[in-house]
Amino acid sequence: MTLVKDSPPDAPEIGPEVPAAKKRRGRRENLAGYLFMSPWIAGFLLLTAGPMAASLYFAFTDYNLFNSPKWIGFDNFTKMFHDPRWQKSVEVTAKYVVIGTPLKLLLALGVALLLAQSRRGQAFYRAAFYAPSLIGASVSVGFVWRALFSDDAIVDRTQSFLGFHTGGWVGDPNWVLYSLVALTVWQFGAPMVIFLAGLKQVPRELYEAAEVDGAGPFRRFWNITLPMISPVLFFNVLLETIHSFQIFGSAYVVSNTQCGPADATLVYTCYLYQKGFKESQMGFASAMAWMLLLAVALVTAVLFWSQKRWVHYEEDAR
């Protein structure tokens with residue numbers, strides 16, 4: 001008897017139409033994706049990339065919004081570096097960043113440490129401390145802040161009651177910038193929430209082991225809490241530093257649109273606004289904007305370079 005081996009079924013023929021169909025389907029899917037992305041792409045090109053390219057061109061021109069731009073090369077930048085008010089704006093902004101950012105982060109971390117402990121009404125306290133971050137940038141809060149720090153207002157009366165006769169902060173060139181610092185410190189809610197999320201990720205076993213070894217609260221905070229939340233701390237430092245460089249609304253409103261007195265609150269963006277929209281020197285203002293971008297980029301690069309020394313990630317410990 002002869003055994004006949006069944007032949008395998010014929011494999012389906014793969015013709016040129018199969019890859020072509022896949023390509024057509026892929027093109028349709030890509031087209032659908034680009035169609036859904038088109039509002040964002042249009043907004044990015046029209047509202048971000050386009051204005052940035054235009055401002056880069058205007059930075060090298062003499063342009064006043066009414067006449068055609070005239071190419072002048074680096075004259076705007078040369079004029080900027082020799083402008084005493086521009087130098088004053090850099091000084092005021094640097095002072096605001098150096099003082100306001102650390103105080104805001106210190107307060108945010110301190111409150112986050114308190115709220116990380118289980119206590120009654122914890123949700124209410126978190127919401128209450130976070131609320132100023134939602135309304136702090138509004139114009140109405142700026143008006144209220146100016147009223148609080150004016151002559152014979154509540155802050156002035158409290159100081160006088162305590163024996164400090166400095167007068168209203170808003171009208172004093174030596175104190176008005178500190179009213180802006182107090183306003184930004186009051187808005188510590190956003191970094192506080194981020195710190196609180198980082199504190200919740202610290203393993204409790206580390207604290208228990210440290211207590212067994214006899215470590216006190218300060219030692220536990222320095223050797224456990226800070227290293228474990230260092231990525232969160234780095235994120236907050238980076239975010240708040242960039243945000244501080246961009247201050248405008250509060251300085252403009254608290255100073256009654258004058259950025260003063262005596263240019264005491266002449267932050268960089270306030271002087272940029274004056275040059276661009278009050279004096280119609282749009283070319284000079286564009287050059288200022290790009291210098292601010294370069295300064296923020298440089299500070300950001302320094303922060304990223306320094307993180308190797310004090311930021312600890314879980315991957316580094318493996």
Side-chain angles (χ1 to χ4, degrees), residues 95-150 153-159 161-162 169-170 175-204 206-207 217-218 220-222 224-254 265 267 303 310-311:
K95 186 176 181 180
Y96 173 82
V97 173
V98 171
I99 297 176
T101 302
L103 289 178
K104 183 177 183 178
L105 293 178
L106 285 174
L107 183 59
L109 180 57
V111 175
L113 289 171
L114 294 175
L115 295 180
Q117 305 174 8
S118 299
R119 63 183 69 246
R120 181 180 299 179
Q122 191 176 46
F124 168 77
Y125 290 118
R126 291 178 181 178
F129 284 122
Y130 181 73
S133 295
L134 298 176
I135 63 175
S138 63
V139 175
S140 58
V141 171
F143 283 113
V144 172
W145 210 259
R146 188 177 68 189
L148 290 175
F149 286 87
S150 298
I154 184 172
V155 175
D156 186 15
R157 293 181 181 182
T158 304
Q159 289 180 145
F161 177 76
L162 296 176
W169 292 19
V170 173
W175 288 95
V176 63
L177 183 63
Y178 296 103
S179 66
L180 299 182
V181 172
L183 178 57
T184 191
V185 172
W186 178 63
Q187 305 171 43
F188 67 89
M192 178 205 70
V193 171
I194 298 175
F195 276 133
L196 191 58
L199 291 171
K200 290 295 184 181
Q201 301 301 318
V202 180
R204 304 305 304 174
L206 297 178
Y207 293 111
F218 178 78
R220 293 197 299 268
F221 172 77
W222 188 259
I224 298 177
T225 305
L226 277 184
M228 293 298 295
I229 67 169
S230 57
V232 175
L233 178 61
F234 170 74
F235 177 79
N236 271 336
V237 169
L238 180 64
L239 201 65
E240 294 300 327
T241 301
I242 296 175
H243 179 73
S244 296
F245 274 106
Q246 299 173 338
I247 176 180
F248 172 73
S250 58
Y252 190 73
V253 174
V254 171
T265 59
V267 293
L303 288 176
W310 59 277
V311 180

Side-chain donor/acceptor pairs under 3.5 Å, residues 123-130, sequence neighbours excluded:
unit_1 : atom_1 : unit_2 : atom_2 : d
Arg126 : NH2    : Gln122 : OE1    : 3.4

note = Rounded to the nearest 0.5 Å, the CD1 atom of Ile154 sits from the CZ atom of Arg157 at a distance of 8.5 Å
task = To the nearest 0.5 Å, tell me how far Leu148 CG sits from Asp156 CG.
result = 12.0 Å
request  = Determine which pairs satisfy salt bridge (Lys or Arg N to Asp or Glu O under 4.0 Å) with at least one residue from residues 175-200, sequence neighbours left out, and list them in order.
outcome  = none
note = Across all chains, not counting sequence neighbours, the ring-ring contact (aromatic ring centres under 6.0 Å, His included) partners of Trp175 are Trp169, Tyr178
inquiry  = Ignoring hydrogens, what is the shortest heavy-atom contact between Pro132 and Trp186? Give both atom names and the distance.
reply    = CB-O, 3.4 Å
request  = Please tell me if the side chains of Val202 and Tyr207 come closer than 4.5 Å, counting only heavy atoms from C-beta onward.
outcome  = yes
task = State, to 0.1 Å, how close Val170 and Val254 come at their nearest heavy-atom pair, and which atoms those are.
result = CG1-O, 3.6 Å
Nearest heavy-atom neighbours spanning Gly100 and Thr184 = CA-CG2, 4.3 Å
Residue pair Leu226 / Trp222: nearest heavy atoms and the distance that separates them = CD1-CE3, 3.7 Å
request  = With sequence neighbours excluded, tell me which residues meet salt bridge (charged side-chain N to carboxylate O under 4.0 Å, His left out) with Arg120.
outcome  = none
ask   = Under 6.0 Å from the CG atom of Leu114, do we count more than 12 heavy atoms belonging to anything else shown?
value = yes
remark   = Of all heavy-atom pairs linking Gly189 and Ser133, the shortest is N-OG, 2.9 Å
message = Looking at Trp145 and Ser179, would you say the former's side chain and the latter's main chain have a donor-acceptor pair under 3.5 Å?
response = yes
inquiry  = For residues 139-148, which residue pairs pass the salt bridge (Lys or Arg N to Asp or Glu O under 4.0 Å) check, not counting sequence neighbours?
reply    = none
ask   = Of all residues at least two apart in sequence or in a different chain, which pass the side chain to side chain donor-acceptor pair (under 3.5 Å) check with Thr158?
value = none
task = With sequence neighbours left out, write down each residue that passes ring-ring contact (aromatic ring centres under 6.0 Å, His included) with Phe248, or none if nothing qualifies.
result = Tyr252, Tyr273
ask   = With sequence neighbours left out, what residues match Trp310 under side chain to side chain contact (heavy atoms under 4.5 Å, CB included)?
value = Leu233, Phe234, Ser306
key: For Val267 against Ile247, the heavy-atom pair lying closest together   = CG2-O, 3.6 Å
remark   = To the nearest 0.5 Å, atom CG of Leu196 lies from atom CD of Gln201 at 10.5 Å
task = Mind checking side chain to side chain contact (heavy atoms under 4.5 Å, CB included) for Leu199 and listing every partner two or more places apart, or none if nothing turns up?
result = Ala112, Leu113, Ala116, Thr225, Ile229
Counterpart residues, side chain to side chain contact (heavy atoms under 4.5 Å, CB included), relative to Ile242 (two or more places apart) = Leu238, Gln246, Val296, Thr300
Pairs under 3.5 angstrom only: tabulate donor-acceptor contacts from the side chains of residues 101-109 to other protein residues two or more places apart or in another chain.
unit_1 : atom_1 : unit_2 : atom_2 : d
Thr101 : OG1    : Val97  : O      : 3.1
Thr101 : OG1    : Ser244 : OG     : 2.9
Lys104 : NZ     : Gln187 : O      : 3.4
Lys104 : NZ     : Glu240 : OE1    : 2.9

key: Residues forming a side chain to side chain contact (heavy atoms under 4.5 Å, CB included) with Ala197, sequence neighbours excluded   = none
